[in-house]
Amino acid sequence: MSAAEGPLVVGVDTSTQSTKALVVDAATGRIVASGQAPHTVTSGAGRESDPRQWWDALSEALRQCGDAAHEAAAVSIGGQQHGLVTLDRHGEPVRPALLWNDVRSAPQGRRLIEELGGAKVWAERTGSVPAASFTVTKWAWLAEHEPDAVRATRAVRLPHDYLTERLTGQGTTDRGDASGTGWWASATEAYDEEILAHVGLDRALLPRVVRPGEVAGTVRDSHDLPFSKGTLVACGTGDNAAAALGLGVRPGTPVMSLGTSGTVYAVSRHRPADPTGTVAGFADARGDWLPLACTLNCTLAVDRVAALLGLDREAVERGRGVTLLPFLDGERTPNLPGASGLLHGLRHDTSGGQLLQAAYDGAVYSLLAALDLVLDEDADPSAPLLLIGGGARGTAWQQTVRRLSGRPVQVPEAKELVALGAAAQAAGLLTGEDPAAVARRWNTAAGPVLDAVERDEETLSRLAGVLSDAAPLLSRGTDTD
């Protein structure tokens, strides 16, 4: 390992499928070492993981980093949002965590909206309208279906909180991840006592919200990770807020992330409150806001269609008339948690490659339909769209986004932006810098810019029409408990 120019920091991304760790030179942004280990997730409507797997995966990822992790002066955890982690009096999981893409709590979400004043009131109060992904709906589901688990719960955490607490021994979270729970009020930046009382959740079970730039704690003695005692621990944040830090994005820059889920977001100086529920009014990890729209079906769904067709994921063919809405896991945007995939316009001469392209089109359409709501009115409509996530380097994804957006598309060369954002947050603790400024100093957003092409209005119009006409059919599954 060549000598680092500055202190070393560790950034962690505990995502749906795996945990990744990067050891980064805080002075230059150079990745000194990295590691990754998987977790398992149940399938079906219920998506659950054992939080202890996340810790084991973190241990393995750091082991792969070797001595560099031991030399780190600070660490930060970025993690999948919304997941409900319930801990007993010993700090052990009461049951597996309910993950963001577990849609069983859709009925509870609808009831909460009705019982507490409607969608507009929720948006003004918390910044978002609770969908099945939000933690508050999962807690309501658990109280209804597993009351013994609720009675045994002595602490409620989010995924990144769980790992941070095991590092420091203190229950903490940050404003970015707290804003995705549904019980943190964006208007006051505090837990909402009325919502907590309504769902029967004691405020004492929740973690302290650490301010941006504040130290969450230090690594305690009793751990089996290769950190030195006293290593600084940042507050961490949710994965999307961490990726925004990792890119160093400025207000108004549009970002599209293509992963298991798809997201579009932008940093904003204005507190969002979308009563339609399409845009979640998240806080960012710095003190600004991160209006965001999320789909449940993105790369995993398109890869599943490719597998069903026996095709490589790049084997797309352009065609007209066939529409595929790949809502294989229900959908969040549009809000159709009980929906399934829908195919329309199939003909004798439709090829497998055309079906696969239709799956790409359906996945990207849902994200672009929300982008205008995410961006402020003063955002530049011709600014390049930053394309990140696992799908961003795929040619079929790039070309589909270009064709349906009509925008230039920039693909940052830096990978693992969630972990890099966490590393920038850790570096900010040491240097006193804004983590986004750290990432800009590291030049993480640098990458090729693909020129804009004429927007495919015909495909956009067809997708909008099929989605509108099929809405009653797609909504049928949402009424099951």
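Each residue takes its place number in the sequence, starting with 1.
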Legend entry - Thr42 side chain to Glu48 side chain, donor-acceptor N/O pair below 3.5 angstrom: no

Inset, instruction - Verify, without hydrogens or angle tests, whether Asp284 (side chain) and Gly287 (backbone) share a donor-acceptor contact under 3.5 angstrom. - result: yes

Inset, instruction - Would you please test Thr172 and Arg208 for side-chain hydrogen bond (donor to acceptor under 3.5 Å, both in side chains) and show each step? - result: CA-CA 5 Å; Thr172 60; Arg208 178 175 70 91; over 6 Å; no

Inset, instruction - Side-chain contact test, heavy atoms from C-beta onward, threshold under 4.5 Å: evaluate it for Val10 versus Phe227 and give yes or no. - result: yes

Legend entry - Gap between atom CG of Leu87 and atom CG of Asp161 - 0.5 Å precision: 9.5 Å

Inset, instruction - Answer yes or no: is there a side-chain heavy-atom contact under 4.5 Å between Val136 and Leu112? - result: yes

Legend entry - Heavy-atom pair of closest approach, residues Trp184 and Thr181: N-OG1, 3.5 Å

Legend entry - N/O donor-acceptor pair under 3.5 Å between Thr153 side chain and Ala149 backbone: yes

Legend entry - Heavy-atom check, side chain of Val9 versus side chain of Leu430, under 4.5 Å: yes

Inset, instruction - Report yes if the side chains of Val129 and Ile113 come closer than 4.5 Å at any heavy-atom pair, otherwise no. - result: yes

Legend entry - Straight-line distance of Thr86 OG1 to Leu98 CG, nearest 0.5 Å: 7.5 Å

Inset, instruction - Output yes when Glu60 and Arg63 qualify as a salt bridge under the 4.0 Å nitrogen-oxygen rule, no when they do not. - result: yes

Inset, instruction - Output the distance between atom OH (Tyr162) and atom CG (Leu58), rounded to the nearest 0.5 Å. - result: 10.5 Å

Legend entry - Donor-acceptor pair, side chain of Arg393 and main chain of Glu413, under 3.5 angstrom: yes

Legend entry - Ring geometry between Phe282 and His82 (parallel below 30°, tilted from 30 to 60°, perpendicular above 60°): tilted

Legend entry - Atom pair CH2/CG of Trp139 and Leu142 - distance to nearest 0.5 Å: 6.5 Å

Inset, instruction - Determine whether Val409 and Gln398 make a side-chain contact, defined as any pair of heavy atoms from C-beta on separated by less than 4.5 Å. - result: no

Legend entry - Steps toward side chain to side chain contact (heavy atoms under 4.5 Å, CB included) verdict (Leu386, Leu247): CA-CA 9 Å; Leu386 289 178; Leu247 288 166; 4.2 Å; yes

Inset, instruction - Quick one: closest heavy-atom pair of Leu367 and Val264, and the distance? - result: O-CG2, 3.6 Å

Inset, instruction - Kindly indicate, with the supporting measurements, whether the criterion side chain to side chain contact (heavy atoms under 4.5 Å, CB included) is fulfilled by Leu158 and Thr135. - result: CA-CA 8 Å; Leu158 297 164; Thr135 325; 3.6 Å; yes

Legend entry - Asp288/Arg269 ion pair, N-O < 4.0 Å: yes

Inset, instruction - Return yes if a side-chain donor-acceptor contact under 3.5 Å exists between Thr40 and Gln53, otherwise no. - result: yes

Legend entry - Minimum-distance pair of heavy atoms, taken over all atoms of Thr299 and Gly259: OG1-O, 2.8 Å

Legend entry - Side-chain H-bond candidate by donor/acceptor type, His39 with Thr19, under 3.5 Å: yes

Inset, instruction - Find the distance between CZ (Arg95) and CG (Asp148) and round it off to the nearest 0.5 Å. - result: 12.0 Å

Inset, instruction - Report yes or no: does Lys20 contribute a side-chain atom to a donor-acceptor pair with the main-chain N or O of Val12 at less than 3.5 Å? - result: no

Legend entry - Residues in side-chain hydrogen bond (donor to acceptor under 3.5 Å, both in side chains) contact with Gln410, at least two apart in sequence or another chain: none

Inset, instruction - Would you indicate whether the side-chain heavy atoms of Pro412 and Thr444 approach each other to under 4.5 Å? - result: no

Legend entry - Donor-acceptor contact below 3.5 Å, side chain Glu214 vs main chain Arg211: yes

Inset, instruction - Determine, stepwise, if the pair Asp88 / Arg154 fulfils salt bridge (charged side-chain N to carboxylate O under 4.0 Å, His left out). - result: CA-CA 5 Å; Asp88 64 18; Arg154 295 294 178 270; over 6 Å; no

Legend entry - Aromatic Trp289 / basic Arg175 pairing, under 6.0 angstrom, 45° off normal: yes

Legend entry - N/O donor-acceptor pair under 3.5 Å between Arg220 side chain and Arg166 backbone: yes

Legend entry - side chain to side chain contact (heavy atoms under 4.5 Å, CB included) between Thr28 and Trp442, worked out: CA-CA 6 Å; Thr28 64; Trp442 292 350; 5.7 Å; no

Inset, instruction - First locate atom CD of Glu165, then atom CD1 of Ile77, and finally report the distance between them rounded to the nearest 0.5 Å. - result: 12.5 Å

Legend entry - Any donor-acceptor N or O pair under 3.5 Å, side chains Thr431, Glu433: yes

Inset, instruction - Count the heavy atoms of every other residue, nucleotide or ligand shown that sit under 6.0 Å from NE2 of His70, and state whether that count exceeds 12. - result: no

Legend entry - Under 3.5 Å donor-acceptor, Thr237 side chain and Ala285 backbone: no

Inset, instruction - Quick one: closest heavy-atom pair of Asp174 and Cys235, and the distance? - result: CB-SG, 3.8 Å

Inset, instruction - Kindly indicate, with the supporting measurements, whether the criterion side-chain hydrogen bond (donor to acceptor under 3.5 Å, both in side chains) is fulfilled by Thr16 and Trp100. - result: CA-CA 9 Å; Thr16 313; Trp100 60 273; 2.9 Å; yes

Legend entry - Residues Ser133 and Arg332: side-chain donor-acceptor under 3.5 angstrom: yes

Inset, instruction - Heavy atoms only: give me the nearest Asp102-Lys138 pair and the separation to one decimal. - result: O-NZ, 2.9 Å

Inset, instruction - Would you check if Thr276 and Asn335 make a side-chain contact, meaning some heavy-atom pair closer than 4.5 Å? - result: no

Legend entry - Backbone N/O of Ala436 and side chain of Arg441: donor-acceptor pair under 3.5 Å: no

Inset, instruction - Please tell me if the side chains of Cys298 and Ser261 come closer than 4.5 Å, counting only heavy atoms from C-beta onward. - result: no

Legend entry - CZ (Arg286) with more than 12 external heavy atoms under 6.0 Å: yes

Inset, instruction - Answer yes or no: is there an ion pair linking Asp192 with Arg125, defined by an N-O contact shorter than 4.0 Å? - result: yes

Inset, instruction - Could you tell me whether the side chains of Gln108 and Glu144 share a donor-acceptor contact shorter than 3.5 Å? - result: yes

Inset, instruction - Test Asp329 against Asn101 for side chain to side chain contact (heavy atoms under 4.5 Å, CB included), laying out the working first. - result: CA-CA 8 Å; Asp329 289 324; Asn101 52 353; 5.6 Å; no

Inset, instruction - Check the side chains of Ser105 and Thr137 for a donor-acceptor pair under 3.5 angstrom, ignoring hydrogens and angles. - result: yes

Legend entry - Salt bridge Lys120-Glu124, side-chain N to carboxylate O under 4.0 Å: yes

Legend entry - SB check Arg30 Glu5 (cutoff 4.0 Å): no

Inset, instruction - Determine the minimum heavy-atom distance between Ala439 and Gly246, stating which atoms define it. - result: CB-O, 3.5 Å

Inset, instruction - Using modelled atom types only, decide if a donor and an acceptor are shared between the side chain of Asp274 and the backbone of Thr278 within a distance under 3.5 Å. - result: yes

Inset, instruction - Look only at the side chain of Ser128 and the backbone of Pro130, and say whether a donor-acceptor pair between them is shorter than 3.5 Å. - result: no

